[in-house]
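What follows is a set of notes on a single structure, which appears directly below.
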Amino acid sequence: MPTVDLIHVSKTYGRGSRAVDDVSLSIRDGEFLVLVGPSGCGKSTVLRMVAGLEEVTEGEVRIGERVVNDVAPKDRDIAMVFQNYALYPHMSVYDNMAFGLRRRRMAEAEVDRRVRAAAGMLGLEGYLQRRPRELSGGERQRVALGRAMVRDPQVFLFDEPLSNLDAKLRVQMRAEIKRLHQRVSATMIYVTHDQVEAMTLGDRIAVLRSGLLQQVADPFTLYERPANLFVAGFIGSPPINFLTATLDAAGTCLQSGGVSAAVPADLSARLAPRRGREVTLGVRPEDVSLEPRGAGITLAAVVEVREPLGNEVFLHLRTPAGELVSRFTGPGAPAVGSGVKAHLPFAKLHLFDPETERALAGAAAA
C-alpha cells in the first residue's frame, strides 16, 4: 500500500475564502489516519481533495510516487465510503458490491470471489440477495464497506461513515472498521467530528481548526501533551478544565481563585516566560482529586451537579477559580451541596500561554 502526501495543500473558494490553509501531512503506508475537528474545519475538504472530488488550489497531493492533482477520481485507485451509504436501492446487496467491478469489466468469476470474500469478512453472507430497504442502518454501512473492500484499492477514504447510526451501532461499526484495517493492512484516511471515534480508531490523529492543521500525533500524545488550548479542549470527554492563574515576578508562586501555592523548581522553569503574568492551567477531570496528593493547588469547592455513570460519577464543582469537573470512581461520591477540597496536582497540570494559546515548554509540537 502507498503513502499519501499532502504538500502545502490549500483550497480557496470564491472571494478568497480558504477552507484549507497550507496543510502538509504524510499518511504512512498501511496507516489509519483520522482527520478530526468541528464542523467547517476543512477535514472533509481535505479528504475530497485526496479523492479528486475537489480541485487543489495550491500544493500537491501525492499517492505513492504519483502527483494526482490532475488525475481523475476513477484513476486514483481509491475507494470512498460516504456518510449516506450511497447504495443503489433497486439492486441487491450482491449487485451493489459487484457494481464497480463489473463496470471495470472484471471476469464474473473474480467478481463473485471478491464479493463473497468481503461478505464473509463483514458477516453479510445471508444478506446478499436483499435490497438496501430490507437492511438496518448498520447492515447498509457494512455493504458500503464491502463495496469499497472488493475494489482492493490502494487507499480507503471514509467521510463520517457512522454519523447516521445510533450510539450502539456506532460502537459496533467502529469495531468492524478496526478489524477491517487489521485484516487488510490498507492505508486508510477517516474523517469524523467525533473525538471519541478519532481516539478509538486512529493510529494517528490530525486535528484541524478553521482550515489549519493544529497537531498530528497518536491518541495518547494528543491527550497527554496537547500542542495548544484548542487541541486540549477538543480531545477528551468530559473536556479538560481550564483555569486562569497568575505567576509572581520571581516565578515561585502561583495564585488562582485567591489561593497561592509554592511552585516546584521544574514547574518554575517551564513557567519562566510567564513570570509576573497570567497563565492558563489545564487539568483533566480524572486528575482533579478530592484529597491532596502531593504538591499542587487546593481550592475550596461545592458540589453543584452529580452525573452518575455506574462505575464513576462526574462531579461539577464550584470553586473561587471557576467551575471544575472531577471524575470520581467507586462508591461514596459526595452529595450535591457538599463542601469538598478540589486538589490540582502540579504534576498533572497542562500549561498554556493565554495570548498565543500555545502550550508552554514540554508539550508536543504539531
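Only a predicted model underlies this, so the values are computations on that prediction, with no experimental measurement involved.
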Below 4.5 Å, heavy atoms only, C-beta onward: do S92 and L128 meet side chain to side chain?
no
Worksheet entry | Residue pair N228 / Q215, side-chain donor-acceptor N/O under 3.5 Å | no
Parallel, tilted or perpendicular: which one describes the rings of F32 and F158, with boundaries at 30° and 60°?
parallel
Same cluster or not: M106 versus F99, using hydrophobic residues (I, L, V, M, F, W, Y) connected whenever any side-chain heavy atoms lie under 4.5 Å apart? no
Contact check, side chains of V279 and L254, non-hydrogen atoms, under 4.5 Å: yes
message = How about CD on E55, more than 12 heavy atoms from neighbouring residues, nucleotides or ligands closer than 6.0 Å, or not?
response = no
Practice prompt. Please determine if E278 and R274 form a salt bridge, counting it only when a charged side-chain N lies under 4.0 Å from a carboxylate O.
Written response: no
Q) Does the distance from a Lys or Arg side-chain N to an Asp or Glu carboxylate O, for R284 and E286, drop under 4.0 Å? A) no
Problem - Lys/Arg N to Asp/Glu carboxylate O, D159 vs R48, below 4.0 Å - result: no
* Asked: Are L201 and V184 connected in the hydrophobic side-chain network, where two residues link if heavy atoms are under 4.5 Å apart?
  -> yes
Practice prompt. Could you tell me whether E125 atom CD has more than 12 heavy atoms of other residues or ligands within 6.0 Å of it?
Written response: yes
Smallest heavy-atom separation, I27 atom then R204 atom, equals CA-NH2, 4.2 Å
*Does the side chain of D22 come under 3.5 Å of the side chain of S10 through a donor N or O and an acceptor N or O?*
no
Using a strict 4.0 Å threshold on nitrogen-to-oxygen distance, state whether R131 and E134 make a salt bridge. no
Donor-acceptor pairs under 3.5 angstrom involving side-chain atoms of residues 341-351: please list them, not counting sequence neighbours.
{"unit_1": "H343", "atom_1": "ND1", "unit_2": "T298", "atom_2": "OG1", "d": "2.8"}
{"unit_1": "H343", "atom_1": "NE2", "unit_2": "R293", "atom_2": "N", "d": "3.3"}
{"unit_1": "H343", "atom_1": "NE2", "unit_2": "G294", "atom_2": "O", "d": "3.2"}

Quiz item: Below 4.5 Å, heavy atoms only, C-beta onward: do Q195 and Y223 meet side chain to side chain?
Solution: no
Next on the checklist: Check this for me: does any side-chain nitrogen of one of E58 and R18 sit under 4.0 Å from a carboxylate oxygen of the other?
Outcome noted: yes
**Pair Y88-D95, side-chain contact (heavy atoms from CB on, under 4.5 Å): steps then yes or no** = CA-CA 9 Å; Y88 296 107; D95 289 335; over 6 Å; no
### Message
Starting from L212, can I reach L33 by hopping between I/L/V/M/F/W/Y residues whose side chains sit under 4.5 Å apart?
### Response
no
